[in-house]
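Letters A, B, ... are given to chains in the order of the sequence lines, protein chains preceding strands, and every chain is numbered from 1.
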Protein chains: 2
Amino acid sequence: MAEPHDAPRDLTRNQGLVLGTLNRSSAPLSAYDILDKLREEGLRAPLQVYRALDKLVERGLAHRLESLNAFVACADAHCHRKGLIAFAICERCGRVDEFADEVIEERLSGWAANTGFKTERTTMEIRGQCAECLKAAA
Amino acid sequence: MAEPHDAPRDLTRNQGLVLGTLNRSSAPLSAYDILDKLREEGLRAPLQVYRALDKLVERGLAHRLESLNAFVACADAHCHRKGLIAFAICERCGRVDEFADEVIEERLSGWAANTGFKTERTTMEIRGQCAECLKAAA
DNA sequence: CGTTGCAGCGTTATGCTATAACGTGTAGAG
DNA sequence: CTCTACACGTTATAGCATAACGCTGCAACG
Ligand SMILES: [Zn+2]
Ligand SMILES: [Zn+2]
Ligand SMILES: [Zn+2]
Ligand SMILES: [Zn+2]
């Protein structure tokens with residue numbers, strides 16, 4: 001199973017461990033989930049994970065899902081070049097799809113222009129059930 | 001100062017207290033913020049606030065802001081009739097604007113239809129600075 | 001009427017998420 | 001070399017949320 005994109009070479013040890021853990025997971029992980037999976041590697045404190053996550057998120061290699069207080073590896077090597085990303089989160093299997101939509105982005109920037117709001121960051125998260133889980137439940 | 005909309009008469013005491021507190025606040029409040037403001041009224045435990053908030057959110061009288069772990073009173077008497085609500089949150093003054101956009105809603109439901117995803121709930125939150133704060137900072 | 005079911009309430013205890021504050025080690029710039 | 005920046009490791013603490021218990025009040029039903 002190939003990872004979504006090659007891990008940059010300049011990650012620190014902790015950052016690499018955390019990103020690897022996220023890449024191997026099929027569902028979002030909380031910082032404490034990650035910590036538990038990395039105890040064998042010597043990590044002991046939440047801060048070690050949070051610090052790594054901060055950097056990964058900053059670089060667009062991982063994303064924070066606000067509605068779950070959890071994190072996923074970025075699924076798309078180039079997503080960080082796009083402005084706005086939406087996440088569709090399956091509440092049954094945990095699968096997360098990320099996608100960008102220019103029309104939505106235009107609507108939001110239009111609203112911001114009209115109201116004089118300066119956007120720093122946008123989160124868009126759809127919760128529900130993915131196609132596979134719907135089929136399985138039927 | 002009128003409240004955004006008349007409080008329904010059938011709220012319980014705790015629900016009324018919590019909604020009143022949210023209505024009087026100009027910025028989002030965490031459950032613990034609310035609790036602190038209601039100690040004089042006899043509230044003592046987080047659960048009393050969380051239970052009230054659950055009901056208020058369920059009825060659309062309040063909204064949870066996932067990116068803040070905080071709550072606001074609904075600003076619009078009829079917003080709960082609309083499907084999708086977006087929130088613009090000023091990080092300086094805490095002001096929250098809520099708005100609905102049919103085009104965005106269509107784009108999202110289009111994406112869902114294409115991928116077979118069944119949407120239960122969508123959160124959209126824009127963080128940044130409002131027009132007033134931008135003027136003030138200039 | 002009695003009783004049954006439901007919703008809210010109050011309390012204690014606990015668990016999960018995130019950051020503050022401190023000091024160490026190391027690599028690059030001047 | 002020394003200064004700076006950055007990551008690291010650790011301990012302690014702050015902030016957000018729920019589990020589990022038992023009780024109360026009220027409406028529906030026979
Ligand atoms: Zn991504
Ligand atoms: Zn699924
Ligand atoms: Zn509303
Ligand atoms: Zn503002």
Side-chain angles (χ1 to χ4, degrees), chain A residues 7-22 25 27-59 61-72 89 91 94 121 123 125 127, chain B residues 7-22 25 27-59 61-72 87 89 91 94 96 121 123 125 127:
Chain A
R9 294 298 194 286
D10 62 341
L11 294 178
T12 66
R13 168 172 161 84
N14 287 359
Q15 290 164 16
L17 288 169
V18 168
L19 182 55
T21 302
L22 288 176
S25 172
L29 297 175
S30 76
Y32 281 74
D33 292 338
I34 296 168
L35 177 58
D36 286 340
K37 290 179 187 292
L38 290 176
R39 291 206 190 269
E40 305 184 330
E41 305 292 339
L43 270 70
R44 314 184 147 274
L47 220 51
Q48 296 175 284
V49 175
Y50 279 110
R51 289 201 273 231
L53 284 169
D54 282 348
K55 292 302 176 189
L56 295 172
V57 168
E58 195 179 304
R59 296 180 55 169
L61 299 171
H63 301 292
R64 175 183 173 83
L65 301 176
E66 301 285 357
S67 65
L68 295 179
N69 294 329
F71 301 83
V72 286
I89 304 165
E91 311 211 272
R121 188 157 73 270
T123 85
E125 299 176 14
R127 308 278 296 268
Chain B
R9 295 295 196 288
D10 63 340
L11 295 178
T12 66
R13 168 173 160 82
N14 287 359
Q15 289 163 19
L17 288 170
V18 169
L19 183 55
T21 303
L22 288 176
S25 172
L29 296 175
S30 75
Y32 281 73
D33 292 337
I34 296 168
L35 177 57
D36 286 339
K37 289 179 188 294
L38 290 176
R39 292 209 188 266
E40 304 183 333
E41 306 291 341
L43 272 70
R44 313 183 146 276
L47 220 52
Q48 297 174 283
V49 175
Y50 279 109
R51 288 200 273 230
L53 284 169
D54 282 347
K55 292 301 175 189
L56 295 172
V57 168
E58 194 179 306
R59 296 180 55 171
L61 298 170
H63 301 293
R64 175 183 171 83
L65 301 175
E66 301 285 357
S67 66
L68 293 179
N69 294 328
F71 301 83
V72 286
F87 298 92
I89 304 164
E91 311 213 89
V96 176
R121 188 159 73 271
T123 86
E125 299 176 14
R127 309 279 297 270

* **From B/Leu19 atom CG to B/Leu53 atom CG, the distance as rounded to the nearest 0.5 Å** => 9.5 Å
* For nucleotides 16-27 of chain C, just jot down a letter per nucleotide in 5' to 3' order: B, S or -, based on protein non-hydrogen atoms under 4.0 Å. => -BBBBB------
* How close or far is atom P of C/dC9 from atom CG of B/Leu38, stated in whole angstroms? -> 13 Å
* Structure fact -> Assert: residue with more 5' nearest nucleotide on DNA chain D, out of A/Lys55 and A/Gly42, is A/Lys55
* Asked: Is it true that the side chains of B/Thr123 and B/Glu66 contain a donor and an acceptor less than 3.5 Å apart?
  -> no
* **B/Arg59 and B/Asp10, any side-chain heavy atoms less than 4.5 Å apart** => yes
* With sequence neighbours left out, what residues match B/Thr21 under side-chain contact (heavy atoms from CB on, under 4.5 Å)? -> B/Arg24, B/Leu29, B/Ile34, B/Lys37, B/Leu38
* Is the closest side-chain heavy-atom distance between B/Asn69 and B/Arg64 below 4.5 Å? -> yes
* Structure fact -> So the contacted stretch of DNA chain D, first to last nucleotide with an atom under 4.0 Å from a non-hydrogen atom of chain B, runs from D/dC16 to D/dA20
* How close or far is atom C1' of C/dG8 from atom CG of B/Leu17, stated in whole angstroms? -> 14 Å
* **Side-chain heavy-atom pair A/Ser25, A/Leu22 within 4.5 angstrom cut-off** => no
* **Student check: side-chain heavy atoms of B/Leu11 and B/Lys55 closer than 4.5 Å** => no
* Structure fact -> Here the pair of heavy atoms bringing A/Leu35 nearest to A/Pro46 is CD2-N, 3.8 Å
* Taking atom C1' of C/dG8 as reference, at what distance in whole Å does atom CG of B/Leu56 sit? -> 13 Å
